[in-house]
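No experiment lies behind these values; they were computed from the predicted model shown. Atoms within a ligand are numbered from 1 in the order they appear, just like the ligands themselves.
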Amino acid sequence: MGGKPVYHLNLTEEEIKGAKYAFLPGDPARVPLIAKAFDLNSKELVFKREYRTWLGQMEGTSVLVTSTGIGGGSTSIAVEELAMIGVKVFLRVGTTGAIQDKIKTGDIVITTGSVRLDGASVHYAPIEYPAVSDHNIASTLVRAAEEEGVRYWVGITASSATFYPGEEREDSYSGYVINRLKGSLEEWRRLRVLNYEMESSTLFVACSALGLRAGCVTGVIGERSQSEEVDSSKLLRVIEPTIRVAVRAMKLLIREDLLSTNLD
Ligand code: URA
C-alpha cells in the first residue's frame with residue numbers, strides 16, 4: 001500500500017505502525033472509550049465519515065480501534081481497508097437486543113455464528129457459506145468473560161440488514177413489517193437464536209473468505225421479549241463490561257500469538 005491512504009478510512013500503513021489487531025465498535029463515540037481502556041496514551045489518527053480510528057499499544061504491540069458505522073456495507077469497507085494496510089485480527093465490540101427471555105440487559109453475548117440476514121455478505125460468498133467466528137477468538141472471549149466475572153451467553157446471533165423491519169420492530173415510522181418478516185422474531189427465538197445485531201454476519205463471512213480472523217462480543221441493551229425499547233440511558237453501564245471483556249480477550253490473543261506463529 002505504501003504511503004497512500006486507503007480511501008474511506010483515510011489511513012496509511014505507516015500511520016498504523018504495524019498494527020495487526022483491531023477492535024471494531026460500530027459507534028465512533030465508543031472508539032476513545034475502548035482505546036483508553038487499554039492504553040491511556042492512545043491517540044486519534046483520523047476521523048472521516050463514520051470511520052474513527054485510534055491507535056494504542058497493548059502487550060508491546062500496536063492495536064487499532066476503528067468504528068465501522070452501522071450495518072454490513074460500512075463494516076465491509078472497514079474490514080477491506082484495514083486488511084489492505086495489514087490488519088489480520090478483528091474483534092467486534094457492539095450492542096445487541098436479546099430475543100431469549102433468560103438474557104438480560106447488561107449480559108454479554110459471544111457470537112459463535114450468525115444468521116445471514118444482511119445484504120453485504122453475499123458479495124463475499126454464496127448464502128450456503130457459514131458466517132462463523134474464529135473458534136479461538138470465541139473461546140478466548142469466553143475465558144475473558146469468566147475472568148472478568150461478566151454474565152455471558154454463547155451461541156447464534158441474527159445479523160440483520162435493517163434495525164426496524166429486519167428485527168421485526170413495529171416502533172418504526174409506518175409501524176408496518178412486510179409479510180415475509182412477520183413472525184420472524186418468534187421463529188429465530190424458537191430456533192434458539194440469542195440476539196439481534198447488524199454487523200457480525202458480514203464481518204464473519206468477509207473475514208473467513210479473505211483468510212482473516214474475526215470475533216464478536218456484544219452487550220445487551222434491549223430485551224425484545226419485554227419491549228421494543230432500547231434504553232440509551234443504560235448504554236454506558238452495558239458497554240463498560242463489554243469493553244472489559246473485549247480488552248482482556250485481545251490481550252490473551254496477542255500473548256498467545258506472540259508464543260506461536262498464528263500471524264505468519
Ligand atoms: N442493535 C440491534 O441491532 N438491535 C437492538 O435491539 C440493539 C442493538
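- In summary, Glu197 and Arg92 engage in a salt bridge, as defined by a charged side-chain N under 4.0 Å from a carboxylate O.
- An N or O contact shorter than 3.5 Å is missing between Arg224 and ligand 1 by distance.
- For Ser74, the side chain to side chain contact (heavy atoms under 4.5 Å, CB included) test picks out Glu50, Tyr51, with sequence neighbours left out.
- Within the cation-pi definition used here (under 6.0 Å to the ring centroid, within 45° of the axis), Arg169 qualifies as a partner of Phe163.
- Taking 4.0 Å as the cut-off between side-chain N and carboxylate O, Glu59 and Lys251 do not count as a salt-bridged pair.
- If you check which protein heavy atom lies closest to atom 5 (C) of ligand 1, you get Gly97 N, 3.4 Å.
- Residue contacts with ligand 1: Thr96 is placed with no nitrogen or oxygen under 3.5 Å of a nitrogen or oxygen of the ligand (distance criterion only).
- Short contacts between ligand 1 and Met198, defined as distances under 4.0 Å to a heavy atom of the residue, involve ligand atoms 3 (O).
- Each of the atoms 2 (C), 3 (O), 4 (N), 5 (C), 6 (O) of ligand 1 lies under 4.0 Å from some heavy atom of Glu167.
- Less than 4.0 angstrom separates some heavy atom of Phe163 from each of these atoms of ligand 1: 2 (C), 3 (O), 4 (N), 5 (C).
- Residue contacts with ligand 1 include Arg169, since one of its heavy atoms falls under 4.0 Å from the ligand.
- Look at Asp27 and Arg52 and you find no salt bridge, because none of the NZ, NE, NH1 or NH2 atoms lies under 4.0 Å from a carboxylate O.
- Applying the side chain to side chain contact (heavy atoms under 4.5 Å, CB included) test to Ala161 and every residue at least two apart in sequence or in another chain returns nothing.
- Close approach to Thr95 involves these atoms of ligand 1, each under 4.0 Å from a residue heavy atom: 1 (N), 8 (C).
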